[in-house]
Colleague: 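One structure, pasted below without further comment.
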Amino acid sequence: MKKNVCVITGGGSGMGLAAAKCMPKEKVIVVTGRTMSKLEKAVKELENLGYEAYAKTCDTSKREQVRELARFAASLGEIKNVINSAGLSPAMAKPEQLIRVNALGTVYINEEFSKLMKAGSVIVDISSNSAYILPGFLANKKTFALADKNEDLFVKKILSLPNKLKGYKASGLAYGLSKKFVIWYAAKCAYEYGAKGIRVCSLSPGLIATDMGNLESEEGGNLLNTTAEKRMGKPEELGFAIATVADERNGYLAGVDVLVDGGSVNGKEFVK
């Protein structure tokens, strides 16, 4: 009997690793990212907790590397859960890299893994509450639809607004657009893959106390003012939420985004 495999991109630390620690112990865990030393440390942590775990480097902005990751995971058993938490924040990258990693990386993960997944499996793409803050009129769905048809034109068009700005504002807008795209694309995939019995949804964290979150705390700190408890989220809190959404027993949750941001977005209405 094949073992069930859970793949977590961005699983070397933060909420990706926290999600791995919340998965059932009988799952084979594959953590992936760009730094092997970080992944190896994560594998040791998981093994100490009783998991069978493997590390595999992958830059999700490179389709061939994603394809190789999917094949590796399939060699270990049946791919049951894919959590795509790999991503870059505005403080970490320039606009084009943000689009290629956050947006096109989601396309590659969903497309390549869905080819090898069976009914009863699930893909969870991680977005951000920044997608809710970004005005809807800035997100052109016709541009989004180019992502899996004409990558070059998609990148050119989605960067047309960010490229008119400079510095953090340019990266911030590109980030918001990339995460708005993730929500849209996950929903699109839910209806495409649903016929195969593959469930797809997205999850949008708020500001989380991870290395990435701390980098953004200066610019994004105002988001904490509208949270219910006036604090950042803990990695383990998001890990549990992600693992719950990714659990195949949660089989009727599809085609939607789950907002886990401490009430930050809704707080704009209630916090004065």
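Sequential numbering from 1 along the given sequence is applied to the chain's residues. This one's a predicted model, so the numbers in the text were calculated from it and none came from an experiment.
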Colleague: Do we see a donor-acceptor contact under 3.5 Å between the side chains of Thr227 and Ser264?
Modeller: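 Per modelled atom types, Thr227 and Ser264 side chains form no pair under 3.5 Å.
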Colleague: Verify the neighbour count for atom CD of Gln65: are there more than 12 heavy atoms of other residues, nucleotides or ligands below 6.0 Å?
Modeller: yes
Colleague: Before accepting this row, confirm whether a basic side-chain N of the pair Arg63/Glu111 lies closer than 4.0 Å to the acidic partner's carboxylate O.
Modeller: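 Counted as a salt bridge, because a side-chain N and a carboxylate O are separated by less than 4.0 Å.
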Colleague: Rounded to the nearest 0.5 Å, what separation is found between the CG atom of Leu49 and the CE atom of Met23?
Modeller: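 Going from the CG atom of Leu49 to the CE atom of Met23 covers 14.0 Å.
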Colleague: Measure across Ser127 and Pro205 and return the closest heavy-atom pair with its distance rounded to 0.1 Å.
Modeller: O-CD, 3.3 Å
Colleague: Does a sphere of radius 6.0 Å around NZ in Lys94 hold more than 12 heavy atoms from other residues, nucleotides or ligands, not counting ones at 6.0 Å or beyond?
Modeller: no
Colleague: So do the side chains of Val271 and Asn225 get within less than 4.5 Å of each other, counting heavy atoms only?
Modeller: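 A side-chain contact under 4.5 Å is absent here.
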Colleague: Are Asn140 and Lys157 side-chain neighbours, meaning at least one heavy-atom pair lies under 4.5 Å?
Modeller: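 SC-SC contact between Asn140 and Lys157 ruled out.
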Colleague: Give a yes or no on whether Lys142 atom NZ has more than 12 heavy-atom contacts from other residues, nucleotides or ligands under 6.0 Å away.
Modeller: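 Counting other residues, nucleotides and ligands, NZ of Lys142 stays at 12 neighbours or fewer.
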Colleague: Heavy atoms only: give me the nearest Ser85-Gly16 pair and the separation to one decimal.
Modeller: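 Heavy atoms only, the tightest pair is OG-CA, 3.7 Å.
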Colleague: Taking all non-hydrogen atoms of both residues, which atom of Ala55 and which atom of Glu40 are closest, and how far apart?
Modeller: CB-N, 4.4 Å
Colleague: I'd like to know whether NZ of Lys115 has more than 12 heavy-atom contacts from other residues, nucleotides or ligands below 6.0 angstrom.
Modeller: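 Counting other residues, nucleotides and ligands, NZ of Lys115 exceeds 12 neighbours.
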Colleague: Are the charged groups of Glu26 and Lys80 less than 4.0 angstrom apart, N to O?
Modeller: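 So Glu26 does not pair with Lys80 through a salt bridge.
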Colleague: In the structure I gave you, are the side-chain heavy atoms of Leu69 and Phe113 within less than 4.5 Å of one another anywhere?
Modeller: yes
Colleague: Val28 and side-chain contact (heavy atoms from CB on, under 4.5 Å): which partner among Ile79, Val5, Val7?
Modeller: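 Checked Ile79, Val5, Val7 against Val28; only one passes side-chain contact (heavy atoms from CB on, under 4.5 Å): Val5.
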Colleague: Closer than 3.5 angstrom, by distance alone: can the side chain of Asn250 be matched with the main-chain N or O of Leu253 as a donor-acceptor pair?
Modeller: no
Colleague: Answer with yes or no whether the hydrophobic clustering places Ile8 together with Val245; edges join I, L, V, M, F, W, Y residues whose side-chain heavy atoms lie under 4.5 Å apart.
Modeller: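 They do share one cluster, since a chain of ILVMFWY contacts under 4.5 Å joins Ile8 to Val245.
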Colleague: With rounding to the nearest 0.5 Å, note down the distance linking CD1 in Ile158 to CZ in Arg100.
Modeller: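 Ile158 atom CD1 to Arg100 atom CZ measures 11.5 Å (nearest 0.5 Å).
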Colleague: In terms of hydrophobic clusters joined by side-chain contacts under 4.5 Å, are Ile126 and Tyr108 together?
Modeller: no
Colleague: Same cluster or not: Leu165 versus Val155, using hydrophobic residues (I, L, V, M, F, W, Y) connected whenever any side-chain heavy atoms lie under 4.5 Å apart?
Modeller: yes
Colleague: Name the orientation class of the two ring planes belonging to Trp184 and Phe144 (parallel below 30°, tilted from 30 to 60°, perpendicular beyond 60°).
Modeller: tilted
Colleague: Is Lys44 salt-bridged to Glu47, cutoff N-O under 4.0 Å?
Modeller: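 No, no charged N to carboxylate O under 4.0 Å.
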Colleague: In a check of side-chain hydrogen bond (donor to acceptor under 3.5 Å, both in side chains) between Asp125 and each of Asn110, Thr9, Asn102, which one passes?
Modeller: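 Between Asp125 and the candidates, side-chain hydrogen bond (donor to acceptor under 3.5 Å, both in side chains) is satisfied uniquely by Asn110.
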Colleague: So which atom in Ser114 and which in Ile198 form the shortest heavy-atom distance, rounded to 0.1 Å?
Modeller: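 Nearest pair, atom of Ser114 first, then Ile198: O-CD1, 3.7 Å.
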Colleague: Between Glu151 and Val107, does a side chain to side chain contact (heavy atoms under 4.5 Å, CB included) hold up when you go through it step by step?
Modeller: CA-CA 10 Å; Glu151 289 181 14; Val107 172; 5.8 Å; no
Colleague: With clusters defined by side-chain heavy atoms of hydrophobic residues (ILVMFWY) lying less than 4.5 Å apart, directly or transitively, does Phe72 cluster with Leu39?
Modeller: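 Different clusters.
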Colleague: Do you know which two heavy atoms are closest between Pro235 and Ala209, and how far apart they sit?
Modeller: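 Scanning both residues completely, I find the closest heavy atoms to be CG-O, 3.5 Å.
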Colleague: Roughly how far, to the nearest 0.5 Å, is the OG1 atom of Thr106 from the CG atom of Asp148?
Modeller: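 Atom-to-atom, Asp148:CG and Thr106:OG1 are 12.0 Å apart.
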Colleague: Using side-chain heavy atoms (C-beta onward) and a distance below 4.5 Å, is Ile123 in contact with Tyr193?
Modeller: yes
Colleague: Please tell me if the side chains of Gln97 and Met92 come closer than 4.5 Å, counting only heavy atoms from C-beta onward.
Modeller: no
Colleague: Please walk me through it: do Glu64 and Arg67 pass salt bridge (charged side-chain N to carboxylate O under 4.0 Å, His left out)?
Modeller: CA-CA 5 Å; Glu64 187 51 48; Arg67 186 177 293 128; 2.6 Å; yes
Colleague: For residues Leu203 and Leu238, determine if any side-chain heavy atom of one lies less than 4.5 Å from a side-chain heavy atom of the other.
Modeller: yes
Colleague: Enumerate the ring pair (Phe, Tyr, Trp, His ring centres under 6.0 Å) contacts for residues 237-272, please, sequence neighbours excluded, ordered by first and then second residue.
Modeller: none
Colleague: Rounded to the nearest 0.5 Å, how far apart are SG of Cys6 and CD1 of Ile83?
Modeller: 4.5 Å
Colleague: Does Lys196 have more than 12 heavy atoms from other residues, nucleotides or ligands lying within 6.0 Å of its NZ?
Modeller: yes
Colleague: Does a side-chain N-to-carboxylate-O contact under 4.0 Å join Lys27 and Glu248?
Modeller: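 Looking at Lys27 and Glu248, the cut-off is met.
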Colleague: Any carboxylate oxygen within less than 4.0 angstrom of a Lys/Arg side-chain nitrogen, looking at Arg231 and Glu229?
Modeller: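 Between Glu229 and Arg231 there is a salt bridge, with a charged N closer than 4.0 Å to a carboxylate O.
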Colleague: Find the distance between OG (Ser61) and CZ (Arg34) and round it off to the nearest 0.5 Å.
Modeller: 7.0 Å
Colleague: Whether the side chain of Tyr51 engages the backbone of Lys21 through a donor-acceptor N/O pair (distance < 3.5 Å, no angle test) should be reported.
Modeller: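 Yes; judged by distance alone, with no hydrogens or angles, the pair exists.
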Colleague: Looking at Thr32 and Cys58, what are the two nearest heavy atoms and their distance?
Modeller: OG1-CB, 3.1 Å
Colleague: If only atom types and distance count, is the side chain of Tyr54 paired as donor or acceptor with the main-chain N or O of Leu76 below 3.5 Å?
Modeller: no
Colleague: State, yes or no, whether a side-chain contact exists between Ser13 and Lys38 at a heavy-atom distance under 4.5 Å.
Modeller: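 With C-beta onward as the side chain, the pair touches.
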Colleague: Between Val124 and Val258, is a side chain to side chain contact (heavy atoms under 4.5 Å, CB included) present by the stated rule, with each step listed?
Modeller: CA-CA 10 Å; Val124 179; Val258 180; over 6 Å; no
Colleague: Would you kindly confirm whether Ile99 and Leu138 end up in one hydrophobic cluster when ILVMFWY residues are joined by side chain heavy atoms under 4.5 Å apart?
Modeller: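 Same cluster.
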Colleague: Is the NZ atom of Lys230 crowded by more than 12 outside heavy atoms at less than 6.0 Å?
Modeller: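 Correct, the count exceeds 12.
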Colleague: Decide side chain to side chain contact (heavy atoms under 4.5 Å, CB included) for Leu17 and Leu46; before the verdict, give the C-alpha distance in whole Å, the side-chain angles of both, and the deciding distance to 0.1 Å.
Modeller: CA-CA 9 Å; Leu17 179 56; Leu46 291 168; 4.1 Å; yes
Colleague: Rounded to the nearest 0.5 Å, what's the gap from CE on Met36 to OG1 on Thr57? Could you check?
Modeller: 4.5 Å
Colleague: Are Asp261 and Tyr132 linked by a side-chain donor-acceptor pair shorter than 3.5 Å?
Modeller: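 Asp261 vs Tyr132: no donor-acceptor pair found between side chains.
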